[in-house]
Amino acid sequence: MSLPQHVHTLVVGAGFAGMGLTARILRSRPEADVLIIERGHDVGGTWRDNTYPGCACDVPTSLYSFSFAPSADWSHTFARQPEIYRYLKKVAADTGISSRVVTDCELEGANWDDTKALWHVRTSRGSLTADVVVAATGALSTPSIPDMPGIDTFGGTTFHSATWNHDHDLTGERVAVIGTGASAVQFVPEIAPHAKHVTVFQRTPAWVIPRLDRVLSDPEKRLYRRIPMAQKVVRGSVYSFREALGGVLAHATGLLPVFEMVAKAHLRRQIRDPELRKKLTPDFTIGCKRMLLSNDWLRTLDRPDVTLVDAGLAGITEDGVVDAVGGEHKVDTIIFATGFTPTEPPVAHALRGADGHTLAEHWKGSPHAYKGTTVAGFPNLFLMYGPNTNLGHSSIVYMLESQSAYIVDALDTMRDNGIAAFEVTEEAQRQYNTRIQSDLQSTVWNKGGCSSWYYDAEGRNSVQWPTFTFRFRSQLQHFDRENYVARRKTEKEAVA
């Protein structure tokens, strides 16, 4: 599919965010002029790209799926990467999204033209203009690899968990894993039985609780197919439980010691060595960083052919790595499980607003937006999974569907009222972010005593949503035109 010269709504990214929005637009107006550009070869976003061994969702799949596209085909309560990818491809085909996607098309830049009230967009496959741009590139789409001294001298193989090198066989190799986050806890148990030795470098330990995963039985699947309401009830029950957990993390932090008891019991059951248990016990409140779900991570660290180094990493040599206390570890392969760049999204460097400055220049390392969706100075730009929309307890798909409703209402308002451009006011944005930061102060994410990727260059939590998700949905239920400056179409623009 080739690029048109102009499109009304250009969506950047074909993951859960871009697909969910486009599907909602097409349900409302099948003839809508909407196009998705995707830098990858297919839809799916992070679930297309992350193919490391053991990759799975850490939110129950009954909730981590589109509300408008339930599936009775999930194999487990926590779905694995291949079936989530298949699910997204099927949704794209079933909803007509597939015909609206241009793949292998990366956004290179987009400049707002205030005179013509449109965006000039440059991509790897050519240029076009758009009335509206939606940045649906995700917060966890660009891998972060630390700039380690000596990394260019290493003679072995290196790769990030998000770009797994499947052509490289780890059998019989000495492997260094840098990081102990959500990806590492999934792939280390998978590679440890095959590698000669795995050395895991931990900066800070994380709280780990059991993943209550199970295989979905055939009778359950038949029930969901025959009585779809049954699956909706399950989804509602999972949502309610997760909201209760969110309430504890945000409003009733005094109950968190109960969760710590569960995590400590899990640690005692799986780790025999008291010294190793000590290394794996965090000194911050549970929930300050996202709790990790695993039934085999801790047990794997107790294997004789797995070593945990809690001194951190100082540098890399030609044939190994050096820890912070000078210990040298000979390795053949280094795998970075070092996360992503949510507070420094690359797309922010590609978007230039009304004053000619990029979104990154406006943010100065500290992202902020109105309702996580619009930014003053950037007319007709919508963000999905924007600042302060991440969750520590529930499904981001719920948040994305809430944003989709808001954006579609904004598009309808533009069309029905002859509006050429909308821009949120500085004052509305300032007041909103002041409230968000105030609400965050009493949550475990701000007072739990940990350093996390939730904090930006200014030491501000610009990532987490501070309360119940139904409050976010309520705030985005309708487009609040009164908080925006509107520019009406000229007679010529209206005719066009």
Side-chain angles (χ1 to χ4, degrees), residues 39-41 46 48-55 81 104 106 124 140-206 273 275-276 279-280 292 294 296-342 344 346 453:
R39 69 180 180 182
H41 69 279
T46 189
R48 175 200 63 231
D49 295 339
N50 283 264
T51 59
Y52 60 80
C55 183
Q81 176 269 333
D104 298 309
E106 184 169 8
S124 59
L140 307 178
S141 59
T142 303
S144 173
I145 299 180
D147 185 17
M148 296 301 304
I151 190 171
D152 294 333
T153 67
F154 183 62
T157 301
T158 65
F159 55 87
H160 193 281
S161 60
T163 54
W164 195 272
N165 185 349
H166 291 279
D167 294 330
H168 183 66
D169 188 2
L170 297 174
T171 303
E173 287 208 334
R174 298 165 300 177
V175 181
V177 175
I178 315 301
T180 54
S183 299
V185 303
Q186 293 184 346
F187 75 73
V188 170
E190 298 290 327
I191 68 172
H194 308 288
K196 180 179 180 180
H197 194 93
V198 177
T199 304
V200 178
F201 289 83
Q202 169 187 276
R203 186 173 59 179
T204 55
D273 180 2
E275 284 300 314
L276 183 55
K279 291 180 179 180
L280 290 166
L292 302 181
S294 177
D296 49 13
W297 161 251
L298 296 173
R299 184 184 298 116
T300 300
L301 295 178
D302 203 30
R303 290 172 59 108
D305 54 359
V306 175
T307 300
L308 178 73
V309 178
D310 66 341
L313 188 63
I316 298 174
T317 64
E318 291 183 5
D319 57 358
V321 293
V322 180
D323 63 39
V325 295
E328 296 187 15
H329 307 265
K330 303 295 184 183
V331 299
D332 305 300
T333 297
I334 301 174
I335 304 174
F336 291 97
T338 44
F340 301 87
T341 58
E344 293 283 352
W453 55 270

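At a threshold of 4.5 Å between non-hydrogen side-chain atoms, the residues P193 and R303 count as touching. T180 is listed as a side-chain neighbour of Q202, based on a closest heavy-atom distance under 4.5 Å.
Interatomic distance, H197 NE2 to D332 CG, rounded to the nearest 0.5 Å: 12.0 Å. Separating the OG1 atom in T158 from the CD1 atom in I334 is a distance of 6.5 Å, to the nearest 0.5 Å. In this structure, F187 CZ and L170 CG are separated by 9.5 Å, a value rounded to the nearest 0.5 Å. From L313, atom CG reaches atom NE2 of H329 across 8.5 Å, with rounding to the nearest 0.5 Å. Here the straight-line distance linking atom CH2 of W453 with atom OG1 of T338 works out to 13.5 Å at 0.5 Å rounding. The line from CE of M148 to CD1 of I316 is 5.5 Å long, rounded to the nearest 0.5 Å.
The aromatic rings of Y52 and W164 lie tilted to each other, with the angle between the two planes from 30° to 60°.
Contact between D273 and D302 at its shortest, heavy atoms only, is N-OD1, 4.3 Å. Residues A314 and D323 come closest through the heavy atom pair CB-O, 3.5 Å. What you find for A184 and W297 is that their closest heavy atoms are O-CZ3, 3.6 Å. Across all non-hydrogen atoms, the minimal contact from S161 to I335 is N-CG2, 4.3 Å. Counting all heavy atoms, side chain and backbone alike, H166 lies closest to T51 at NE2-OG1, 2.7 Å. Of all non-hydrogen atoms in F154 and T333, the two that sit nearest each other are CZ-N, 4.2 Å.
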ask   = Between E328 and T317, does a side-chain contact (heavy atoms from CB on, under 4.5 Å) hold up when you go through it step by step?
value = CA-CA 9 Å; E328 296 187 15; T317 64; 5.8 Å; no
key: Evaluation steps, side-chain contact (heavy atoms from CB on, under 4.5 Å), between T199 and R174   = CA-CA 8 Å; T199 304; R174 298 165 300 177; over 6 Å; no
query = Can N50 and T46 be said to form a side-chain hydrogen bond (donor to acceptor under 3.5 Å, both in side chains), step by step?
reply = CA-CA 6 Å; N50 283 264; T46 189; 2.8 Å; yes
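In summary, of the residues considered (I191, V200, V198, V306), a side chain to side chain contact (heavy atoms under 4.5 Å, CB included) with T300 occurs for V306 alone.
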